[in-house]
Amino acid sequence: MLTLPYIRQNKDEVLERLKVKHFMHLTLIDEVIELDEKRRQIQKQCDDIKAQQNQISKQIGQLFAQGKKEEAEQKKAESATLKDIAEALIKELDTIEHAIHDKLVLIPNVPHSSVPQGKTAEDNTVVKEGGKKPDLFPNPLPHWELAKKLDIIDFELGVKIAGAGFPVYKGKGAKLERSLINFFLDNAIQAGYQEIIPPIVINKESGFGTGQLPDKDGQMYHVPLDELYLIPTAEVPITNLYRDVILEEKDLPIKNCGYTPCFRREAGSYGAHVRGLNRLHQFDKIEIVQVTKPEDSYRALQEMCDYVESLLIKLELPYRILLLCGGDMSFASAKTYDFEVYSAAQDKWLEVSSVSNFETFQSNRLKLRYKSADKKNELAHTLNGSALGMARVVAALIENNQTEDAHIEIPTCLRTYTGFDRI
RNA sequence: GGAAAGAUGUCCGAGUGGUUUAAGGAGCACGCCUGGAAAGCGUGUGUACGCCUAAAGCGUACCGCGGGUUCGAAUCCCGCUCUUUCCGCCA
């Protein structure tokens, strides 16, 4: 959520930048500013009347103490009239505040000035490509076929237990998954991130804090009996650790990482591109989260990108880094880099990480502030990224590292974790 | 699921309708004192919004949350949430 003072003071810039995001309801900006002016005016009236009331009440107390009953009664009547006026104003104020809030939450974050124009994923800029596409033999198997042949991932069994998109990992498949989790966590800890094991259900407040609610209500699994949601990413519980918190400047930057399963309803996606591990309702992911001072957040974004890239290099996966264009960015993000790995048998780039700077968009919702050197409370910046999303990494590893006799070579960096070189 | 108790500032803690403008203590910051420190003394010490270009200053709201009674509520009434303890159930 953008802050009102920011919108008020940078109206033209906000409008200009929201166009980069292809945001349609630009009139909301003027509506919000207008409502805010009205709000301030009414609040002034309201506060003045309340001040009078408070004074009169105090006088009444004194008059009673002095035994001046009649005068006190007179004052009572006076105060009662003021009360009626104040009540009407409070009601009006309440209505306006709700209206402002309802409009404010519909306005997306403004993209950073370095975000390129563009409408769809086609318009994203490839900023870097790395690794080497494998030289595979003819007709390599897509991962779902090879995984079935080796009996390491069972999609049908998952359907029986839960439904489509809930795969069952077996034997060496399960061990590979767990090895990746440990590999990613150990690397993150090495890079200075403190590990967190958060709850994997969240309440409404948390969903609102990071921006999933009300925007993506239908994309999360909901437990109505207890009003809880299954997390779509560890970003939600980990970032919400700092909801309603005023940090000390010396605490920053905060660097957290965490492994959780992630749950996504993926309502509306179907077809060939969701086969196998490409798109799941449940998958494992290690998330990295940073909370920084405003002036440090873009350096942190770069640091996080470098870190994610280092993982892909260690895993020897061919990758590319995309700078998302305005139209393809998420609602809450100011700048996002996507990381894709090349999955050879499918001949497809699969997104395995998305690293974003939210600037103050989340912290404004979270009321996540820090006390700056001059003792002022300022909104911190929040960032997060996947490091990494498991399922698609597994898909690429299976496809790229397959041998002609239908086995899978384990990358060197994982072998101490798996305890085996091939599947 | 049943019963009871509780929720006050950074923390502890007092407060059952009007000098509470939330006592008192601790912590923290600054100053005095000191050769330096401790002790002692003094001062200050939350959040949000508004008025003001800003600062200073002032106003309003906030004692778990939401309503209500009253001229006036931390205090009385109603609803809710959470915590703790006991019982039940249980990996």
Side-chain angles (χ1 to χ4, degrees), chain A residues 1-11 32-105 197 199-209 213 223-229 237 240-252 261 360 362-380:
Chain A
M1 193 159 67
L2 297 174
T3 68
L4 255 172
Y6 177 78
I7 294 176
R8 225 189 290 149
Q9 283 155 33
N10 305 279
K11 183 184 152 187
V32 158
I33 290 175
E34 206 172 298
L35 280 169
D36 183 49
E37 255 157 49
K38 209 163 153 194
R39 185 201 109 236
R40 281 145 69 201
Q41 186 201 331
I42 292 172
Q43 189 184 328
K44 175 91 177 91
Q45 289 176 35
C46 196
D47 285 355
D48 287 349
I49 286 178
K50 277 189 195 161
Q52 283 183 52
Q53 262 185 298
N54 288 343
Q55 277 214 334
I56 292 172
S57 292
K58 219 175 274 181
Q59 289 168 10
I60 292 173
Q62 286 164 3
L63 289 171
F64 270 121
Q66 294 161 14
K68 297 178 182 168
K69 274 200 165 169
E70 260 173 52
E71 275 183 66
E73 289 301 332
Q74 232 171 40
K75 288 280 181 191
K76 269 196 194 181
E78 197 179 324
S79 179
T81 17
L82 286 177
K83 193 183 174 185
D84 289 341
I85 301 171
E87 255 167 21
L89 287 170
I90 288 168
K91 216 171 174 181
E92 201 176 343
L93 200 58
D94 193 59
T95 311
I96 289 186
E97 274 169 0
H98 274 97
I100 289 174
H101 182 264
D102 289 350
K103 286 183 194 293
L104 222 43
V105 296
I197 302 181
I200 60 170
V201 293
I202 48 149
N203 55 28
K204 272 207 159 79
E205 290 74 23
S206 299
F208 177 79
L213 292 175
V223 186
L225 195 58
D226 296 297
E227 269 308 316
L228 295 170
Y229 294 85
N240 270 279
L241 296 176
Y242 307 100
R243 170 152 53 83
D244 277 318
V245 166
I246 301 176
L247 295 160
E248 296 294 324
E249 190 171 11
K250 64 174 164 52
D251 298 333
L252 299 174
T360 61
Q362 287 183 332
S363 57
N364 186 33
R365 292 178 163 228
L366 293 160
K367 308 227 180 316
L368 162 52
R369 291 156 294 176
Y370 75 99
K371 215 169 257 305
S372 64
D374 51 345
K375 303 241 171 188
K376 279 198 164 178
N377 293 329
E378 284 185 48
L379 293 172

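Just so it is clear, the values below take in all heavy atoms, side chains as well, and ignore hydrogens, waters and symmetry mates. The chains referred to below are lettered A, B, ... by the order of the sequence lines, with proteins before strands, and numbering in each begins at 1.
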Between atom [atom1] in [X] and atom [atom2] in [N], what is the gap in whole Å?
{"X": "A/E78", "N": "B/G72", "atom1": "CD", "atom2": "C1'", "result": "14 Å"}
{"X": "A/Q52", "N": "B/G59", "atom1": "CD", "atom2": "C1'", "result": "12 Å"}
{"X": "A/K50", "N": "B/C49", "atom1": "NZ", "atom2": "C1'", "result": "11 Å"}
{"X": "A/L93", "N": "B/A48", "atom1": "CG", "atom2": "C1'", "result": "13 Å"}
{"X": "A/L366", "N": "B/A48", "atom1": "CG", "atom2": "P", "result": "15 Å"}
{"X": "A/D48", "N": "B/G50", "atom1": "CG", "atom2": "P", "result": "14 Å"}
{"X": "A/K371", "N": "B/G46", "atom1": "NZ", "atom2": "P", "result": "8 Å"}
{"X": "A/Q45", "N": "B/G50", "atom1": "CD", "atom2": "P", "result": "15 Å"}

With rounding to whole Å, what would you report as the distance between [N] and [M] at their [atom1] atoms?
{"N": "B/G24", "M": "B/G13", "atom1": "C1'", "result": "8 Å"}
{"N": "B/U60", "M": "B/A73", "atom1": "P", "result": "13 Å"}
{"N": "B/C87", "M": "B/G64", "atom1": "P", "result": "30 Å"}
{"N": "B/U43", "M": "B/U47", "atom1": "P", "result": "22 Å"}
{"N": "B/A14", "M": "B/U83", "atom1": "P", "result": "23 Å"}
{"N": "B/C11", "M": "B/G46", "atom1": "P", "result": "14 Å"}
{"N": "B/C89", "M": "B/C78", "atom1": "P", "result": "33 Å"}
{"N": "B/A74", "M": "B/G68", "atom1": "P", "result": "15 Å"}

Worked verdict on A/S206 versus A/R243 for side chain to side chain donor-acceptor pair (under 3.5 Å): CA-CA 8 Å; A/S206 299; A/R243 170 152 53 83; 3.0 Å; yes

Would you say [X] reaches [N]'s phosphate, i.e. side-chain N/O to OP1/OP2 under 4.0 Å?
{"X": "A/K376", "N": "B/U47", "answer": "no"}
{"X": "A/R39", "N": "B/C49", "answer": "no"}
{"X": "A/R40", "N": "B/C51", "answer": "yes"}
{"X": "A/N54", "N": "B/A61", "answer": "yes"}
{"X": "A/R369", "N": "B/U47", "answer": "no"}

Could you list, one pair per line, each protein nitrogen or oxygen that sits under 3.5 Å from a nitrogen or oxygen of nucleotides 64-71 of chain B, together with the distance?
from	atom 1	to	atom 2	distance (Å)
B/C71	O2'	A/S57	OG	3.2
B/C71	O2'	A/S79	OG	2.6

Minimum side-chain heavy-atom gap A/D244-A/L366 below 4.5 Å: no

Hey, which of these two, A/D47 or A/N377, hits RNA chain B nearer its 5' end, going by closest nucleotide? A/N377

Stem list, RNA chain B (Watson-Crick or G-U pairing under 3.5 Å, at least 3 consecutive pairs): B:1-7 with B:81-87, B:10-12 with B:24-26, B:27-32 with B:40-45, B:46-51 with B:57-62, B:64-68 with B:76-80

Looking only at heavy atoms, which two atoms of [X] and [Y] are closest? And how far apart?
{"X": "A/N364", "Y": "A/M1", "answer": "ND2-O, 2.9 Å"}
{"X": "A/K371", "Y": "A/N377", "answer": "NZ-OD1, 3.2 Å"}
{"X": "A/Y370", "Y": "A/L379", "answer": "CE2-O, 4.0 Å"}

Distance-only criterion, 3.5 Å: show the donor-acceptor pairs between side-chain atoms of residues 76-97 of chain A and protein atoms not counting sequence neighbours.
from	atom 1	to	atom 2	distance (Å)
A/T81	OG1	A/A77	O	3.2
A/T81	OG1	A/E78	O	2.7
A/T95	OG1	A/K91	O	2.8

Backbone of [Y] reached by a side-chain donor or acceptor of [X] within 3.5 Å:
{"X": "A/N203", "Y": "A/L228", "answer": "no"}
{"X": "A/R369", "Y": "A/V245", "answer": "no"}
{"X": "A/D251", "Y": "A/E248", "answer": "yes"}

Looking at A/E249, I want to see if its CD is surrounded by more than 12 non-hydrogen atoms of other residues, nucleotides or ligands under 6.0 Å.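 Correct, the count exceeds 12.
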
Is A/K38 atom NZ crowded by more than 12 heavy atoms from other residues, nucleotides or ligands, each under 6.0 Å away?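 Count not over threshold, so no.
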
Classify the nucleic acid contact of A/L82 as base, sugar-phosphate or nothing, counting any heavy atom under 4.0 Å across all strands shown.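 Here A/L82 touches no strand at all.
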
Taking B/G59, B/C51, B/U47 as options, the one with an atom nearest any side-chain atom of A/K44 is B/C51

